[in-house]
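Comments concern the structure below.
Note that the structure is a prediction, hence the values are computed from the model and not measured.
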Amino acid sequence: MKNLTRNILKIIIALFIFYGCELNDDFLERQPLDEISNASFWNTENDLMVFNQGFYNLVQTDKTYPILFGHDRRFDSHRISYLHYDGMSDNTAPRHGRHSSYARIRAGMAVAPSSKNANAPGGWYGYEGFPLIRAVNIGLANYDKADVSEAVKNHYKAEARLMRAMFYARLIRDFGTAQWVEQEVTTADEDILNGPRDSRDFVMNKVLEDLNFAVANIRDNGDKIKLSKSQALHMKSRICLLEGTWRKYHGLGNETSWLTHAADAAKELMDGGKYSLHKGAPGRTYNELHSMEDIDNNSEVIHFVKYQLGVKANHVQSYHRGYNGGMTKNMVEDYLCSDGLPISLSPLYKGDAVYEDIWENRDPRLRQTIMLPEDQPIYRYGNHDYGANTYPRIQGMSGGLKSYTGYHIIKIYNVKSAHAGYSTSITPGLSMRYAETLLNYAEAKAELGNGSISQADLDISINLLRDRDGMVHMTNNPPMDPRYAADGISALLVEIRRERRVELFMEGHRYNDLRRWGQGKKLENKDFGMRWDAANSSRFDPDGKTTVKTSEIDGVPYLEIYKGTDFENPVFDESKHYYWPLPLDVLSQNPNLKQNPGY
């Protein structure tokens, strides 16, 4: 009992001293460190574990630290979650006012927020979070004082450095450059407090050093909640793939080294044999993984954010079911036909004149991602009996769940969570899964191969995903989809990118993928929904209650999601919109950070 009390006291003191106070504009924390002396704290492995637990406590706030991305918590899950992130892309079309910040970025209308805490782009997921870096640097300056083996010290150093690597990689992705800090900052450090941002090359080389140290030294313990070697390898593959492709498609150079690191890290994780794709009920495997509440022992899950009633809960599904807007026409049309060909080439495609035909002869994941009306009883979508409300239901109609596009998303829908009482949902935050590892490997290998990859490499990566869902294999010589012929990449890379878009739909990747591929101009294409000709409008909305406007494509009317709103005509300025603006209060505290161009 005495030892337990002592440990609890240490945790409380450590968390208060090292983490409890906000930094003075993110670098300074004035609580004197001598309140915990070397003799009383930095002694045992338990001390190091207690200290590092503070990192995890910090990064639970996803608004500030979107690195082990979940759904934040409680009310904040209405706006902060990787599930909402696709609202900045061409995958979903949110119209709810609480998600206007996502739509604003998607439309190219973001402005510099007044504050890093503003309810606006750059305020959410902004240039902030340096309390984590200060904590990491304090740890790295003190771990060696503990009376433990070098291997033990290096494990906790690796955990800290992996946190730092993920933090800075995210800042570089969103802001282009960042101020690298690797020491505890005091009021005497004017050169840091008023210093400029460091170059992308400098920061990302530091990130790579941290990633390499983490992979080499962190324990390989299979933990899915805290960081271990598996998470280090997965994040190395993700970060290096993003950096390598960003460098290639933005003309920065040195992409080969980064892509090699990405491929090697993914392959090492694959060869380890610890993970495999989830296998569930036939025809439901893909959907099943994403709607499960208990994924602690799931073979595909590498890392997840755990929610527990009475400890930390969320309300994300209740918000998401009404805020996501639905899948876009562009996304629906990217799913292949069951023969492995795109709808532009396959004789199996039946068109969209009859709503239910959209699912005919298509990649099985389509039916597990958006709802075919006859499947409503499977999911109890809308929390009502079959036939009480027919689907699709468009905004403006009464009863049931509405969407703006007419394509109702069921990928993560769990009727219990989606209609739970306020903040009583435990929907897990699936931040890393093995399917992404396989996709990272395939893409990195194809980029290294100048747009080509061996069939053997496809068979150990993407074709494992195809096998899971009963889809025909991808070959390494596919035909070019005419819709992507002008993209300037090989037909194989088109298909690898398509596979990524389909598999990782609504997991927070699409917007960043478009940016790293230099394809921001795709965000200038308007978002449309289902065909809304006379036959469909009279069939599904005979009373004419739908409030979503339409426009014609090739003489056929479709729902145009943002018509008549501020976001009707999206723009993407390539000199500006690949990066986000810094908050004005951050710049007022240190003008030498300088605003990103165009803001």
Side-chain angles (χ1 to χ4, degrees), residues 169 172-173 200-201 204-205 207-208 211-212 233-271 334 336 340-342 344-345 435-466 471-504 509-523 574 578:
I172 294 298
R173 183 195 74 196
R200 185 186 194 108
D201 282 353
M204 289 308 297
N205 283 334
V207 166
L208 184 59
L211 290 171
N212 287 338
L233 285 168
H234 181 87
M235 289 306 300
K236 184 177 179 181
S237 77
R238 180 190 292 180
I239 290 169
C240 291
L241 177 64
L242 187 145
E243 184 65 11
T245 49
W246 199 297
R247 286 176 172 276
K248 178 175 181 177
Y249 293 105
H250 292 264
L252 303 181
N254 195 34
E255 62 267 21
T256 299
S257 174
W258 287 94
L259 292 168
T260 300
H261 283 301
D264 290 349
K267 188 61 162 57
E268 184 175 347
L269 186 55
M270 292 158 64
D271 288 345
D334 234 10
L336 297 172
L341 294 174
S344 55
L345 298 177
E436 187 200 344
T437 308
L438 301 177
L439 290 163
N440 291 347
Y441 177 74
E443 185 180 345
K445 293 294 285 187
E447 291 287 3
L448 288 167
N450 294 316
S452 64
I453 185 175
S454 72
Q455 189 62 47
D457 278 332
L458 280 178
D459 290 343
I460 63 172
S461 57
I462 285 176
N463 284 334
L464 295 181
L465 301 175
R466 298 287 184 90
M471 182 69 177
V472 297
H473 277 196
M474 181 186 292
T475 68
N476 66 350
N477 188 30
M480 173 61 78
D481 184 344
R483 299 196 308 160
Y484 294 102
D487 280 4
I489 58 174
S490 70
L492 180 62
L493 266 178
V494 166
E495 295 309 318
I496 288 173
R497 291 181 180 183
R498 185 202 308 273
E499 191 75 19
R500 183 179 181 87
R501 185 185 189 188
V502 166
E503 178 67 26
L504 301 180
H509 296 278
R510 176 64 173 175
Y511 172 70
N512 295 324
D513 287 344
L514 289 175
R515 288 195 294 164
R516 67 184 175 89
W517 295 332
Q519 292 189 340
K521 281 292 185 181
K522 288 184 182 291
L523 295 177
E574 294 195 295
Y578 280 112

Ala435: what forms a side-chain contact (heavy atoms from CB on, under 4.5 Å) with it, not counting sequence neighbours?
Leu277, Glu300, Arg433, Leu465, Glu503
Using modelled atom types only, decide if a donor and an acceptor are shared between the side chain of His473 and the backbone of Gly340 within a distance under 3.5 Å.
no
Minimum heavy-atom distance between Ser490 and Gly451, given as atom pair plus value
OG-O, 2.8 Å
Output, in order, the C-alpha distance, side-chain angles, deciding distance and verdict of side chain to side chain contact (heavy atoms under 4.5 Å, CB included) for Leu458 and Thr475.
CA-CA 8 Å; Leu458 280 178; Thr475 68; 5.7 Å; no
cation_pi(Arg497, Tyr249) dist<6.0 Å, angle<=45:
yes
Measuring only between side-chain heavy atoms, which start at C-beta, is Met480 closer than 4.5 Å to Leu345?
no
Any heavy-atom pair between the side chains of Lys445 and Ser461 that's under 4.5 Å?
no
Side chains of Ile462 and Glu495: does their closest heavy-atom pair fall under 4.5 Å?
no
One pair to check against salt bridge (charged side-chain N to carboxylate O under 4.0 Å, His left out): Arg247 and Asp201. What are the steps and the verdict?
CA-CA 10 Å; Arg247 286 176 172 276; Asp201 282 353; 2.6 Å; yes
Any side-chain to backbone donor/acceptor pair from Ser257 onto Asn254? Under 3.5 Å, distance only.
no
Between atom CG of Asn440 and atom CE of Met235, what is the distance when rounded to the nearest 0.5 Å?
9.5 Å
Please evaluate residues Asp334 and Arg483 with respect to the criterion salt bridge (charged side-chain N to carboxylate O under 4.0 Å, His left out), reporting the C-alpha separation (whole Å), side-chain torsions for both, the decisive distance (0.1 Å), and the verdict.
CA-CA 10 Å; Asp334 234 10; Arg483 299 196 308 160; 2.7 Å; yes
Exam field: side chain Asn476 to backbone Ser454, donor-acceptor pair closer than 3.5 Å:
no
Within this structure, what is the CG-CG distance for the pair Leu242 and Asp513, rounded to the nearest 0.5 Å?
8.0 Å
Does one side chain, of Arg466 or Asn463, offer a donor that lies under 3.5 Å from an acceptor on the other?
no
With a 4.5 Å heavy-atom cut-off, do Trp246 and Trp258 have their side chains touching?
no
Could you give the distance from CG (Leu269) to NE2 (His234), rounded to the nearest 0.5 Å?
8.0 Å
Do Tyr511 and Leu523 come within less than 4.5 Å of each other through their side chains, counting heavy atoms only?
yes
When you compare the side chain of Leu259 with that of Leu241, does any pair of heavy atoms fall below 4.5 Å?
yes
Nearest 0.5 angstrom please: Arg501 CZ to His509 NE2, how far?
14.5 Å
Side-chain contact, heavy-atom cut-off 4.5 Å: Met270 with Leu438?
yes
Rounding to 0.5 Å, atoms CD1 (Ile453) and OH (Tyr441) come to a distance of 6.5 Å
For the pair Lys521 and Leu514, evaluate side chain to side chain contact (heavy atoms under 4.5 Å, CB included) and give the outcome as yes or no after the intermediate values.
CA-CA 9 Å; Lys521 281 292 185 181; Leu514 289 175; over 6 Å; no
A side-chain contact here means heavy atoms from C-beta on lying under 4.5 Å apart; do Glu443 and Glu499 qualify?
no
May I ask you to check whether over 12 heavy atoms, not counting those of Asp271, lie within 6.0 Å of atom CG?
yes
The test is side chain to side chain contact (heavy atoms under 4.5 Å, CB included); show your working for Gln455 and Asn477 and say whether it passes.
CA-CA 9 Å; Gln455 189 62 47; Asn477 188 30; over 6 Å; no
Using 0.5 Å steps for rounding, measure from the CZ atom of Arg516 to the OG1 atom of Thr245.
4.0 Å
Just to verify, which of Arg173, Arg200, Arg238 counts as forming a side chain to side chain donor-acceptor pair (under 3.5 Å) with Glu243?
Arg200
Taking the side chain from Asp487 and the backbone from Ile489, do they hold a donor-acceptor pair closer than 3.5 Å?
no
Using the side-chain contact (heavy atoms from CB on, under 4.5 Å) criterion, which residues pair with Lys248? Sequence neighbours excluded.
Glu255, Glu447
Apply the test salt bridge (charged side-chain N to carboxylate O under 4.0 Å, His left out) to residues Lys267 and Asp457: give CA-CA distance (whole Å), side-chain angles for both, the deciding distance (0.1 Å), then the verdict.
CA-CA 10 Å; Lys267 188 61 162 57; Asp457 278 332; over 6 Å; no
